[in-house]
Amino acid sequence: MTKRTTALYTKAGHYWSGITLAVFIGFHLFNQLASLMGANAHITVMQAFRTVYRHPVAETILLAAVAFQVITGLLLIFTRKRSSLAEKIQVYSGLYLSFFLLFHVGAVLYGRSRGLDTNFYFAAAGLNIYPATFFFIPYYLLAVSAISLHVAAIHYIKTGSRRWSGAIAVTGLLAAVLIITGFTNGFRWRHMPAANEQFIRQSVGG
Ligand code: HEM
């Protein structure tokens with residue numbers, strides 16, 4: 001296989017795994033926004049969505065898409081020099097997303113292997129417990145912002161539309177702030193179940 005064919009396959013792999021992930025992320029972020037209506041609303045939405053993405057076939061495809069997205073994304077960085085601002089935003093937001101996806105999905109799978117239900121309280125524990133909150137607020141805020149910046153940059157490179165790319169970026173930044181607001185009960189902080197508190201303290205200290 002020539003270098004050019006490999007690059008084409010890598011690009012196609014990144015595109016299709018990205019589309020697969022984007023469908024999941026759309027529902028997933030809607031699920032996170034349900035936290036604005038309380039923990040029970042978030043859990044009810046998650047239970048409904050889990051009937052689809054926790055199906056063994058769907059989950060295998062999803063986890064394969066995560067692995068593919070991270071690997072092909074890192075490979076694509078080395079294919080050519082990115083010089084415009086939009087290209088730089090695409091690369092740096094993608095780099096953060098690779099880091100986030102590895103840790104986020106790794107944490108969910110580890111939590112599940114330890115017998116925890118990785119529901120609302122699994123993510124909320126990191127956001128509400130001192131001092132872990134100083135790590136988890138920027139960690140999630142940047143992840144949701146990075147998604148919207150990554151998509152906005154790609155949209156700008158493909159269409160040149162400043163207006164729509166700006167709208168995508170601003171919607172994502174707003175969603176990021178609303179999700180943190182929902183999870184922390186408007187920064188009045190939520191009380192966590194003992195098992196989730198213990199998991200966070202054992203995993204990140206405190
Ligand atoms: C503030 C933002 C986020 C929160 C609070 C959050 C929370 C969670 C929780 C609680 C789970 C476990 C789901 C379950 O047990 O059914 C999960 C799974 C997952 N999240 Fe997120 N997430 C956030 C953002 C993201 C983003 C931005 C991405 C992608 C870039 C992402 C990708 C995933 C994936 C791939 C899974 C694994 C699904 C599975 O196989 O169970 N998440 N997340």
Taking atom [atom1] as the centre, does [X] end up with more than 12 heavy-atom neighbours from other residues, nucleotides or ligands that are less than 6.0 angstrom away?
X	atom1	result
Phe103	CZ	no
Arg162	CZ	no
Tyr53	OH	yes

Can you find a pair of side-chain heavy atoms, one from [X] and one from [Y], that are under 4.5 Å apart?
X	Y	value
Phe49	His28	no
Tyr140	Leu127	yes
Ile43	Tyr121	yes
Ile179	Leu36	no
Ile77	Leu95	yes
Trp16	Thr72	no

Nearest non-hydrogen partners of [X] and [Y], listed with the distance:
X	Y	value
Ser83	Lys88	O-NZ, 3.1 Å
Gln90	Ile154	NE2-CG1, 3.7 Å
Ala86	Ile157	CB-CG1, 3.8 Å
Thr118	Val108	CG2-O, 3.5 Å
Asn128	Phe183	ND2-O, 3.0 Å
Gln69	Ser17	OE1-OG, 2.8 Å

According to the interplanar angle, ranging from 0 to 90°, do the rings of Tyr139 and Phe100 count as parallel (below 30°), tilted (30 to 60°) or perpendicular (above 60°)? tilted
Does the pair Tyr110 and Phe199 meet the rule for a ring pair (Phe, Tyr, Trp, His ring centres under 6.0 Å), with working shown? CA-CA 11 Å; Tyr110 175 65; Phe199 182 81; 5.8 Å; yes
Residues that Arg50 engages under salt bridge (charged side-chain N to carboxylate O under 4.0 Å, His left out), provided they are two or more places apart: Asp117
Gap between atom [atom2] of [Y] and atom [atom1] of [X] - 0.5 Å precision:
X	Y	atom1	atom2	answer
Leu29	Phe24	CG	CZ	9.0 Å
Met46	Thr51	CE	OG1	12.0 Å
His14	Leu74	NE2	CG	9.0 Å
Ile25	Ile147	CD1	CD1	3.5 Å
Leu142	Ser93	CG	OG	11.0 Å
Leu85	Tyr156	CG	OH	9.0 Å

So which of Phe120, Phe30, Phe122 actually passes ring-ring contact (aromatic ring centres under 6.0 Å, His included) with His42? Phe120
Val23, Leu63: one ILVMFWY side-chain cluster at the under-4.5 Å cut-off? yes
Please confirm whether His150 and Tyr96 have ring centers closer than 6.0 angstrom. no
